[in-house]
Amino acid sequence: MQGWRRLLWPRLAQGLVSAPLTDPPPVPPEEVVQALVARLEAAAQTRLGRSLAIRQVDAGSCNGCELEINAMQNVVHDLERFGLRFVASPRHADVLLVTGPLTRNMREALLRTAECMPEPKWVVAAGDCAVDGGSFKDSYAVEGGIDAALPVDLLIPGCPPTPTQLLEGMLALIEAQRAGG
Amino acid sequence: MSDTLLRLIRHGQEQGCRPHQRYLLDRAQWATLVAALADMPEVALLGLWGDPGQVHAALLIEDGLLIASCGVPDGRFAAFSPVRPGAVLFERMIRDLWGFVAEGGTDQRPWLDHGRWPVTGPLAANPAPNGMAPPQPVFLPVEGEGVHQIPVGPVHAGIIEPGHFRFHVQGETVVRLEARLGYLHKGQIGLMLGKPAPVAARFAARLSGDSTVAHGWAFAQGVEAALGITPSPRALALRALMAELERLHNHLNDWGFLCNDASFAWLHARAGALREAVLRAANTAFGHRLMMDRVVPGGVSDDLRPGGDAAIRAALAMVAAELPALEAVYDSHASLQDRMVGTGVITPALAMLFAAGGVVGRASGRGFDARRRPGYAPYAPAEAAVLTAGDVDARARIRLAEMHRSVALAKGLLESLPPGELLVPLPQRGGEGLGLVEGFRGECLHWVALDDEGLVRAVFPRDPSWLHWPLLEAAIEGNIVADFPLINKSVNASYSGVDL
Ligand code: SF4
């Protein structure tokens, strides 16, 4: 390999002229958006803006779901181009994105995190485990899906859901706000 | 020395575990074994677990792997922790799940049981109902002037698994870190018991999602050994192909995040793009980005799909073409080196004492690699890259070296995929087996006993992270709090894998 290709600056410059690595944006299914609009109206929630701050909590996952949620942030899926971003503090968050079956040992931490969030907020259960406890629902250590502790607005099934499916879900929230507001 | 130890263990009764024998010792023999280990730091304790009647210890003595067991009729057994500090977490787990007390154990605090389950000793012969309020956790004390505590978690700032970290700090310097885990306890073992092997395999594949192939394979290997069957060469080659792709995508992920934690976002972005390419190739080839549930007892569930071969070759070529450039950037930036070199040192002596496997072990002089020793098909024995500095930089470099090797191995496997059936039927009979497969973190060890109907009678899936968590606590000592994320990422122990 030529020497200059191994340096950072020439490669950064190359990045300015080459095509972007980013995937085209996924389109959220219309029926999901409509269902969310209905939820929004039923709860008479104040509309959130065109961007959403997401706080993720693992309530018992095998970490497969976390891998794909993290992958939403890579340059190929690039969730920030949609006005979506992950935040560290639940106090800054509009969306609580929860994975895993709800373990008994995580219930309190999940509830405390949810309580720190300002209203209005969305709660999203991502992954088959979060939907209804998945494979783990019959255990002494598991309560079931996330709805065993919190009212859930959106379910994203999959084991794990792909980054594209996760993005679709997040975009459905934004669409619902636009349509419902 | 190890001859005496082997002779001692072989005095026990053979229990028919394959391919590594299990010996049932009496209490006196067990106690002698524990005492003998004090003078033999080279003997590795790979795991310690229970079933309703016994405790089992997996030991690596020179090149041989074996299990020593001991009955626990009165609920007590002689502890390993005085001679193997790595046994502490296992002993606390055994008490929480089976209710057996490690006599003479150095730490008797609960571990997985936070007092929130409806029962205590959920895997014991007779679990007791639990009506108590959850107790406050107790942390080890630290004395000294100006020492204060920083509690962190279980919910962390990033998208990572939950666990509580209790730092005792003096100024900026960490005096002691204690990790308190167990938040993800899902009752994995309880769910696997009584299930047919193919159903239990789905739980093994979900012990730690990032290692789904390695754990799936180790469990399948245990079942196949128990039943005395061998998958076809094609199934084994496909497993290895998936395992190397898994190693590659995880190392890319970890290495990228390490650079990111040292504020070098560009390398993280590039590593993320390469990893995405590997995951997409895996999806094309095996129908699932993480290749979950593709390894099943008896073989593999699916053949390589049309277009899979080309997709994997393209992804491997992309990684191979870009890695040297990324390494050059890593090497030529003092700001990165400054954060990585000399940070979070795990000494070779500690790595040996705790039997650290995988990247953590190999960055600290312990070259153990299950692909070479005890070794399994289709791998040809080869030495793994080993460094001795034991710092964050060494762990980053081991990952780089292993990425090159995984690319080469995956290419080789693709070029010579042997023919053969995908799945051998499982005979309906009993047996006991031990599987050991090198995952990206280290060796995944699965012990499984099947009853005559082929249902799981007893099982223990051991993630390599059991041996790494205590070393993370050691690595941070004397470092500054701000370096914790970097050190934590460099070890990258699984939470779900040990929370069971
Ligand atoms: S849905 Fe699947 S990937 Fe996600 S936590 Fe559950 S088992 Fe793991």
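The sequence lines fix the lettering, A, B, ..., with proteins before strands; numbering per chain opens at 1. Just so it is clear, the model here is predicted, and its values are computed rather than measured.
Comparing A/Cys62, A/Ala88, A/Gly64 by heavy-atom pairs within less than 4.5 Å of chain B, the highest count is held by A/Cys62. Per-residue counts of heavy-atom pairs under 4.5 Å with chain A were compared for B/Ser494, B/Ser332, B/Gly187; the largest is that of B/Gly187. For the set B/Arg275, B/Arg202, B/His249, the count of heavy-atom pairs under 4.5 angstrom toward chain A peaks at B/Arg275. Between chain B and the options A/Ala59, A/Ser139, A/Gly133, heavy-atom pairs under 4.5 Å are most frequent for A/Ser139. Residue with the most contacts toward chain A among B/Glu276, B/His268, B/Met292, B/His156: B/Glu276 (heavy-atom pairs, distance under 4.5 Å). Of the listed residues (A/Asp138, A/Asn74, A/Thr99), the greatest number of heavy-atom pairs within a distance under 4.5 Å of chain B belongs to A/Asn74.
Of the atoms belonging to A/Cys129, not a single heavy atom falls under 4.5 Å from chain B. Contacts of B/Phe264 with chain A are made by side-chain atoms alone, with heavy-atom separations under 4.5 Å and no backbone atom involved. For A/Pro90, no part sits under 4.5 Å from any heavy atom of chain B, backbone or side chain. Both the backbone and the side chain of A/Ser135 come within contact range of chain B, with heavy atoms under 4.5 Å apart. Proximity to chain A (any heavy atom under 4.5 Å) is restricted, for B/Asn253, to the side chain, taken from C-beta onward. Both the backbone and the side chain of A/Asn105 come within less than 4.5 Å of a heavy atom of chain B. For B/Gln188, the part lying near chain A is the side chain, with the backbone staying farther off; criterion is any non-hydrogen pair under 4.5 Å. Interface residue A/Asp23: only side-chain heavy atoms are found under 4.5 Å from chain B. Within the 4.5 angstrom heavy-atom criterion, atoms from both the backbone and the side chain of A/Phe136 approach chain B. Neither the backbone nor the side chain of A/Arg107 comes within contact range of chain B; no heavy atom of the residue lies under 4.5 Å from a heavy atom of that chain.
Residues B/Ser496 and A/Asn63 bring no donor and acceptor atom of their side chains to less than 3.5 Å of each other.
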Checklist entry - Can you check side-chain contact (heavy atoms from CB on, under 4.5 Å) on A/Asn70 and B/Phe257, steps first, answer last? => result CA-CA 11 Å; A/Asn70 261 318; B/Phe257 268 99; 3.8 Å; yes
Next on the checklist: Show, in sequence, the C-alpha distance, side-chain angles and deciding distance for B/Trp117 and A/Val142, and conclude whether the side-chain contact (heavy atoms from CB on, under 4.5 Å) test is met.
Outcome noted: CA-CA 9 Å; B/Trp117 306 333; A/Val142 166; over 6 Å; no
Checklist entry - Stepwise, does the ring-ring contact (aromatic ring centres under 6.0 Å, His included) test hold for A/Tyr140 with B/His185? => result CA-CA 10 Å; A/Tyr140 59 85; B/His185 180 73; 5.6 Å; yes
Checklist entry - For A/Thr103 and B/Arg116, what are the C-alpha separation, side-chain angles and deciding distance, and is it a side-chain contact (heavy atoms from CB on, under 4.5 Å)? => result CA-CA 10 Å; A/Thr103 65; B/Arg116 294 167 191 268; over 6 Å; no
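Between A/Arg104 and B/Asp113 there is no salt bridge, since no side-chain nitrogen of the basic residue lies less than 4.0 Å from a carboxylate oxygen of the acidic one. Contact check on B/Glu322 versus A/Arg11 returns a salt bridge, with a Lys/Arg side-chain nitrogen under 4.0 Å from an Asp/Glu carboxylate oxygen.
The shortest side-chain heavy-atom distance between B/Pro162 and A/Met106 falls under the 4.5 Å cut-off. Under the 4.5 Å side-chain criterion, counting only non-hydrogen atoms from C-beta, A/Arg112 is not in contact with B/Val155. Inter-residue side-chain proximity for A/Leu110 and B/Tyr183 is flagged as unmet; no heavy-atom pair is nearer than 4.5 Å. Counting heavy atoms from C-beta outward, A/Pro160 and B/Leu290 have side chains that approach closer than 4.5 Å. When side chains are defined from C-beta on, B/Ile160 does not count as touching A/Gln56, because their heavy atoms never get closer than 4.5 Å. Residues A/Val75 and B/Arg270 have side chains not in contact (no heavy-atom distance under 4.5 Å, counting atoms from C-beta outward). Taking 4.5 Å as the limit, every side-chain heavy atom of B/Pro134 sits out of range of all side-chain heavy atoms of A/Glu108. Put simply, the side chain of A/Pro163 reaches to within 4.5 Å of the side chain of B/Arg289, judged on heavy atoms.
Between the CZ atom of A/Arg55 and the CD1 atom of B/Ile159 there is a distance of 8.5 Å, given to the nearest 0.5 Å. Between atom SG of residue A/Cys159 and atom CG of residue B/Asp293 there is a gap of 7.0 Å, rounded to the nearest 0.5 Å. With values rounded to the nearest 0.5 angstrom, A/Leu67 atom CG is found 6.5 Å from B/Asn250 atom CG.
A side-chain donor-acceptor contact under 3.5 Å links B/Lys186 to the backbone of A/Gly60.
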